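All remarks here apply to the structure that follows.
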Amino acid sequence: MRPTISIVVAIFNRKDELFELLNSLTQQTDKDFEIIIVDDGSLIDLKPTIRNFEEILNVKYFRKDNSGPGLTRNYGAKRAENEWLVFVDSDVIVEKDYIENIKKDIVKIPCDAFGGADKAHKGFNLMQKAISYSMTSVFTTGGIRGNKKSVSKFQPRSFNMGVKKEVFEKIGGFSEMRIGEDPDLSMTLWENGFTTAFFDDIAVYHKRRVDFGKFSKQIYQFGCARPILNQRHPNYVKISFGFPTLFLLGYVMGFIEYFALGRGFILALYGLYTFMVLFHALIVTKNISIAGMAVISTYIQMFSYGYGFLKSWILLNIFRMKPEDAFPSHFHKK
């Protein structure tokens, strides 16, 4: 029997992105799936956008009070009718064989949950492509978001994630975390004996943030979430989680070394790193403007994540604060 698919989309405001996502879903080679759209208290009316597709797609629309992406996805999952839940962010576009490949891979690669990569679409603007590079580069994340060879145990992320509905219900769905809720779900699956897999032919085009300020804020929040996740799932802590903080502290030490001792050895190492990122980004993107912006987005990513991680680690481990008290905006009470 072929797997049945329910796509669940939690959305807040982003109607233009929703239109592009739904439009890409109309192009699917396999049209046997349902779409659950859950409006997380948007400040604009999304129904006119959805009406454009009601006669083309099997789409169901629900609206609820704002609670963050995790609990909104849970709301949608309860209303899904099919065997597999596929979560995608509202700011992604999928290839025409997305559903077909998911069903093929589920049969070929037994698992309880799966995920895929994200990449930049040729129609994205230069900044979006630069940010996409920094989020998937071997020089920042180690390539773990875009290459199954880069990880020994893949953590599906909610911009492109599938879970058996019965398994999702057994573990209680996404937790009360508003930030970091998807790695939290992945590790909860492992702790309950369930398996995850990487499907290398279901990559989505992920728009992410469209300016460096919003990108920095988002990455800072991810950094704050990691020590919280480390507390919740101590068996899956990795030393590499702290690398961006070491990168930030090393940069500060470089300036101290330069001004206090008159030496620039540490800063020279960062200069070498900058050149390597620029050269690699140029090879990958084949555009010098994107490569230049990729250097900026890479430093923003490392510094913002590193600062968020350091702040969170200090509050949780030195001041012994509860995560909910240290970062109330990262949680929603069920």
Side-chain angles (χ1 to χ4, degrees), residues 68-71 73 87 89 113 115 117-118 131-132 134-147 150-161 171 173-191 196 198 206 208-209 212 214-252 297-332:
L71 299 189
R73 296 187 191 105
F87 301 102
D89 281 355
D118 62 335
I131 290 174
S132 179
S134 67
M135 285 295 288
T136 58
S137 170
V138 67
F139 291 106
T140 53
T141 63
I144 62 172
R145 301 173 72 97
N147 185 350
S150 299
V151 289
S152 57
K153 201 167 188 177
F154 185 72
Q155 286 187 7
R157 299 302 176 100
S158 54
F159 61 78
N160 188 12
M161 166 192 281
I171 65 170
F174 289 98
S175 71
E176 72 282 6
M177 293 185 70
R178 294 177 71 113
I179 308 294
E181 77 285 349
D182 38 1
D184 182 58
L185 179 74
S186 293
M187 289 182 280
T188 300
L189 287 166
W190 297 341
E191 289 164 351
T196 60
F198 179 90
H206 197 184
R208 306 189 184 281
R209 302 302 177 182
F212 286 145
K214 292 178 180 178
F215 178 59
S216 176
K217 182 178 179 181
Q218 182 185 49
I219 295 301
Y220 162 77
Q221 292 174 335
F222 290 164
C224 292
R226 178 52 67 179
I228 299 172
L229 292 168
N230 289 348
Q231 279 194 357
R232 294 167 71 97
H233 308 282
N235 290 334
Y236 299 107
V237 176
K238 295 181 180 179
I239 191 172
S240 58
F241 294 156
F243 283 179
T245 296
L246 295 177
F247 185 92
L248 171 63
L249 295 177
Y251 195 77
V252 173
S297 63
T298 292
Y299 271 85
I300 289 174
Q301 180 176 332
M302 298 295 280
F303 287 166
S304 298
Y305 189 101
Y307 173 65
F309 183 98
L310 179 62
K311 177 182 177 180
S312 181
W313 188 90
I314 290 173
L315 292 178
L316 300 184
N317 295 281
I318 295 181
F319 290 97
R320 300 293 181 181
M321 294 182 67
K322 294 181 179 179
E324 297 84 352
D325 296 330
F327 300 99
S329 63
H330 280 54
F331 293 87
H332 181 83

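This is a predicted model, so every value here is computed, not measured.
The minimum heavy-atom distance between Asn160 and Ala117, with the atom names listed, is ND2-O, 3.2 Å. The two atoms that bring Pro227 and Gly223 nearest to each other are CD-O, 3.1 Å, heavy atoms only. Across all their heavy atoms, Pro156 and Met161 have their closest contact at O-CE, 3.0 Å. Shown here for Ser175 and Leu71, the closest heavy-atom pair between the two residues is O-CD2, 3.7 Å.
You'll find the side chain of Ile179 stays beyond 4.5 Å of the side chain of Gln218, heavy atoms only. No side-chain heavy atom of Asn235 sits less than 4.5 Å from a side-chain heavy atom of Glu191. A heavy-atom distance below 4.5 Å is not found between the side chains of Gln155 and Thr196. Between Gln221 and Lys217, some side-chain heavy-atom pair lies under the 4.5 Å cut-off. Side-chain contact between Thr140 and Met135: absent, with no pair of heavy atoms (C-beta onward) separated by less than 4.5 Å. Side chains of Gln301 and Ile131 form no contact here, defined as non-hydrogen atoms less than 4.5 Å apart. By the 4.5 Å heavy-atom criterion applied to side chains, Ser312 and Arg226 are not counted as neighbours. Using a 4.5 Å heavy-atom cutoff, the side chains of Ser132 and His206 are not in contact.
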> Are Leu315 and Asp325 close enough, and set up right, to give a side chain to side chain contact (heavy atoms under 4.5 Å, CB included), and what steps lead you there?
Replying inline: CA-CA 10 Å; Leu315 292 178; Asp325 296 330; over 6 Å; no
>> Run Phe87 and Phe174 through ring-ring contact (aromatic ring centres under 6.0 Å, His included) and show every step you take.
In response: CA-CA 11 Å; Phe87 301 102; Phe174 289 98; 5.3 Å; yes
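Within 6.0 Å of CD1 in Ile318 there are more than 12 heavy atoms belonging to other residues, nucleotides or ligands.
Between Phe303 and Tyr220, the ring center distance fails the sub-6.0 Å criterion. Ring pair Phe309/Phe247: centre-to-centre distance not below 6.0 Å.
The existence of a salt bridge linking Arg232 and Glu324 is excluded, since no basic side-chain nitrogen approaches an acidic carboxylate oxygen closer than 4.0 Å.
For the atom pair OG (Ser304) and CZ (Phe215), the distance works out to 7.5 Å, reported to the nearest 0.5 Å. Rounding to the nearest 0.5 Å places CD of Glu181 at 9.5 Å from CG of Leu229. Here Arg178 contributes atom CZ and Phe331 contributes atom CZ; the two are 11.5 Å apart, rounded to the nearest 0.5 Å. Separating the CZ atom in Phe212 from the OG atom in Ser134 is a distance of 8.0 Å, to the nearest 0.5 Å. How far CZ of Phe222 is from NE2 of His330: 9.0 Å, rounded to the nearest 0.5 Å. Separation of atoms CE (Met321) and CG (Leu316) is listed at 8.0 Å; rounding is to 0.5 Å.
A side-chain donor-acceptor contact under 3.5 Å links Asn317 to the backbone of Trp313. Distance alone, capped at 3.5 Å, is enough to place a donor-acceptor pair between the Thr188 side chain and the Asp184 backbone.
With sequence neighbours left out, the side chain to side chain donor-acceptor pair (under 3.5 Å) criterion links Tyr307 to no other residue.
Judged purely by distance below 3.5 Å, without hydrogens or angles, the side chains of Ser158 and Arg73 pair a donor atom with an acceptor atom.
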